[in-house]
Amino acid sequence: MSGERVPVTLITGAAGEIGQALLERLAEGRGEPVVTVDLRPLSVGGPGHPHREHFQGDILDPALWEKLLHRYRPTLIFHLAAILSTRAESVPVLAHRVNADGAARLLAIAADCATPDEPLRFVFPSSIAVYGLPSPESKEAAAPVSEDEHLDPATLYGAQKLYVERLGATIERLGAGLDFRAVRLPGLISSDTLPQGGTSDWAPELIHAAARGEPYSCFVNRGARLPFCAMPDAVEGILRLAFRGKASLTRTAYNLGGPSLSAAEIIARVARDFPDLEVRFRLDPARDRIVASWPAAVDDGAARRDFGFAPGHDEETLFSRYLIPGIRRRYDGS
Ligand code: NAD
Ligand code: SER
């Protein structure tokens, strides 16, 4: 099977929010060909785009991997396919199969493709869901959480992310040539796409609703606070980690951070540009509890030091330079 297979970068979950942004960014580099996997169809391309082929199907389907690996030899994998936090809690068995078993299967495939001479880089987007603050008071009192603190997830999704981080690190230590790297992402906000099934979704949903002139029903309380990162900053961070020499890396999993914002602060900021914004609070206690267990801020000093993570947006420019202009363009072309 080995000789004629084409070396590729593989992206699973490529039709999702991060996948689409990552594919766009990879198109700028004219690098190795890219193959993608997702349950959903995907159309990318244009002249010079490195995207080679999309496999529409389930990461749990062995036939999909047989077909893909017959033609291609992954040298770098971004394993993005997952069921996000809110949905994962409502379909626990499926979430375990996709988020834990699916990732474990792909790690085994990757270890099989890797050799000590030709290590295969496996990049995994983990989450702030790996952290679990025991109470709202401890969340409020906590300093920005660093990677080795509060590793006590309150959700199945968080436990699945932590399991995959540890499984990847263990397989790497066993020495077959797997080079495993993970980022723990905060809530992401994109001006181009909307999330589905996550718990940090209130922030992007609210901003997009404001631009569409629609009222928004907010499922967390006014004081609910999380770190948020602009999608391009997160993708840049993921790519920097993926391409940094192994010798610079001092950890397996790194926090990527961003401004720490409450629902009330986001509403106040968005209302400056969209004064007709109308928000009603309809609390979803389960989702509110999940947010209460996640840190209000993370310490991303290790990512800054080891691979130069440098988000291009602060609390103000996240809105003024990225979200507001991008979202206006999206909905009214202005
Ligand atoms: P998304 O839901 O937009 O994308 C996930 C993609 O995975 C979807 O296109 C979906 O169709 C695909 N998928 C799900 N199950 C699959 C299966 N069995 N087989 C094949 N494809 C499948 O999510 P996203 O925001 O792009 O997130 C990507 C990754 O980043 C996920 O692992 C997520 O847990 C992680 N993450 C995201 C955020 C965030 O705020 N967006 C934060 C932390 C971590
Ligand atoms: N933003 C993600 C979610 O809400 C965190 O992993 O699911």
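What you see is a predicted model; the values in this text were computed from it and never measured. All ligand and atom numbering here is 1-based and tracks the order in the structure.
- For ligand 1, one of its N or O atoms has an N or O atom of Gly16 under 3.5 Å away.
- Atom 40 (O) of ligand 1 has Leu188 N, 3.1 Å as its closest protein atom, hydrogens excluded (heavy atom only).
- Arg73 contributes no side-chain N or O that, together with a main-chain N or O of Val8, makes up a donor-acceptor pair within less than 3.5 Å.
- The ligand atoms of ligand 1 that sit less than 4.0 angstrom from a heavy atom of Gly57 are 19 (N), 20 (C).
- Protein heavy atom nearest atom 13 (N) of ligand 1, with residue, atom name and distance: Ala81 CB, 4.0 Å.
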Begin with the C-alpha distance, continue with both residues' side-chain angles, and end with the deciding distance and a verdict on salt bridge (charged side-chain N to carboxylate O under 4.0 Å, His left out) for Arg71 and Glu53.
CA-CA 11 Å; Arg71 287 185 229 161; Glu53 186 169 358; 2.5 Å; yes

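- Atom 43 (C) of ligand 1 has as its closest protein heavy atom Leu185 CB, 3.4 Å.
- Using bins of under 30°, 30° to 60° and over 60° for the plane-to-plane angle, the ring pair Tyr331/His208 lands in the perpendicular bin.
- Remark: Asp284 does not engage Arg282 in a salt bridge, criterion side-chain N to carboxylate O under 4.0 Å.
- Polar contact with ligand 1: absent for Gln196 (N/O pair, distance under 3.5 Å).
- Ring to ring, Phe228 and Trp294 are not that close: their centroids are 6.0 angstrom or more apart.
- Protein heavy atom in closest approach to atom 14 (C) of ligand 1: Ala82 O, 3.5 Å.
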Test Arg121 against Glu172 for salt bridge (charged side-chain N to carboxylate O under 4.0 Å, His left out), laying out the working first.
CA-CA 10 Å; Arg121 270 164 301 151; Glu172 175 174 316; over 6 Å; no

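- Contact atoms of ligand 1 toward Asp58: 17 (C), 18 (N), 19 (N) (distance under 4.0 Å to a heavy atom of the residue).
- At a heavy-atom cutoff of 4.0 Å, ligand 1 is contacted by the side chain of Leu84 but not by its backbone.
- Residue contacts with ligand 1, taken as heavy atom pairs separated by less than 4.0 Å, do not involve His79 at all.
- Residue contacts with ligand 1, taken as heavy atom pairs separated by less than 4.0 Å, do not involve Pro195 at all.
- For Glu17, a nitrogen or oxygen atom sits less than 3.5 Å from a nitrogen or oxygen atom of ligand 1, counting backbone and side chain alike.
- Partners of Arg287 by salt bridge (charged side-chain N to carboxylate O under 4.0 Å, His left out), not counting sequence neighbours: none found.
- Under the salt bridge (charged side-chain N to carboxylate O under 4.0 Å, His left out) criterion, Arg272 pairs with Glu316, not counting sequence neighbours.
- Heavy atoms of Ser85 come nearer than 4.0 angstrom to ligand 1 in no pair at all.
- Using a 4.0 Å cut-off between charged nitrogen and carboxylate oxygen, Arg184 and Asp300 do not count as a salt-bridge pair.
- The closest protein non-hydrogen atom to atom 37 (C) of ligand 1 is Ile18 CD1, 3.9 Å.
- Taking a cutoff of 4.0 Å between a charged side-chain nitrogen and a carboxylate oxygen, Asp306 and Arg251 do not qualify as a salt bridge.
- Within the 6.0 Å centre-distance limit, the rings of Tyr322 and His313 are counted as a close aromatic pair.
- Inclusion of Leu60 in the set of residues having an N or O under 3.5 Å from an N or O of ligand 1 is not warranted.
- Here Arg280 pairs with Glu278 under the salt bridge (charged side-chain N to carboxylate O under 4.0 Å, His left out) rule; sequence neighbours left out.
- Of the protein's heavy atoms, Pro125 O, 3.8 Å lies nearest to atom 35 (C) of ligand 1.
- Annotation: Asp38 places an N or O atom under 3.5 Å from an N or O atom of ligand 1; distance criterion only.
- In this structure, Gly198 falls outside the shell of residues with a heavy atom less than 4.0 angstrom from ligand 1.
- No side-chain N or O of Ser85 forms a donor-acceptor pair with one of Thr155 less than 3.5 Å apart.
- The protein atom (non-hydrogen) at minimum distance from atom 21 (N) of ligand 1 is Leu39 N, 3.3 Å.
- In this structure, Ala234 falls outside the shell of residues with a heavy atom less than 4.0 angstrom from ligand 1.
- Not a single heavy atom of Phe124 sits under 4.0 Å from any atom of ligand 1.
- Within the 4.0 Å heavy-atom cutoff, Ser126 counts among the residues contacting ligand 1.
- Note on ligand 1: Gln20 sits outside its first shell, no heavy atom being nearer than 4.0 Å.
- The protein non-hydrogen atom at the shortest distance from atom 33 (C) of ligand 1 is Tyr157 OH, 3.6 Å.
- Both tests do not hold together for Arg305 against Tyr254: distance to the six-membered ring centre under 6.0 Å, angle to the ring axis within 45°.
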Could you walk me through whether Arg240 and Glu236 pass salt bridge (charged side-chain N to carboxylate O under 4.0 Å, His left out), step by step?
CA-CA 6 Å; Arg240 281 187 187 217; Glu236 182 62 27; 3.2 Å; yes

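- Atom CG in Leu261 sits 5.0 Å away from atom CD in Glu315 (nearest 0.5 Å).
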Pairs under 3.5 angstrom, nitrogen or oxygen on both sides, ligand 2 versus protein: list them out, please.
| from | atom 1 | to | atom 2 | distance (Å) |
| --- | --- | --- | --- | --- |
| ligand 2 | 1 (N) | Ser200 | OG | 2.7 |
| ligand 2 | 4 (O) | Ser85 | OG | 3.2 |
| ligand 2 | 4 (O) | Thr199 | N | 2.6 |
| ligand 2 | 4 (O) | Ser200 | N | 3.0 |
| ligand 2 | 4 (O) | Ser200 | OG | 3.4 |
| ligand 2 | 6 (O) | Ser127 | OG | 2.7 |
| ligand 2 | 6 (O) | Tyr157 | OH | 2.7 |
| ligand 2 | 7 (O) | Ser85 | N | 3.2 |
| ligand 2 | 7 (O) | Ser85 | OG | 2.5 |

Residue pair Thr317, Ser320: steps toward the side chain to side chain donor-acceptor pair (under 3.5 Å) verdict
CA-CA 5 Å; Thr317 63; Ser320 61; 5.5 Å; no

Start with the C-alpha distance between Ser146 and Glu149, add both sets of side-chain angles, then the distance that settles side chain to side chain donor-acceptor pair (under 3.5 Å), and finish with yes or no.
CA-CA 6 Å; Ser146 63; Glu149 297 176 295; 3.1 Å; yes

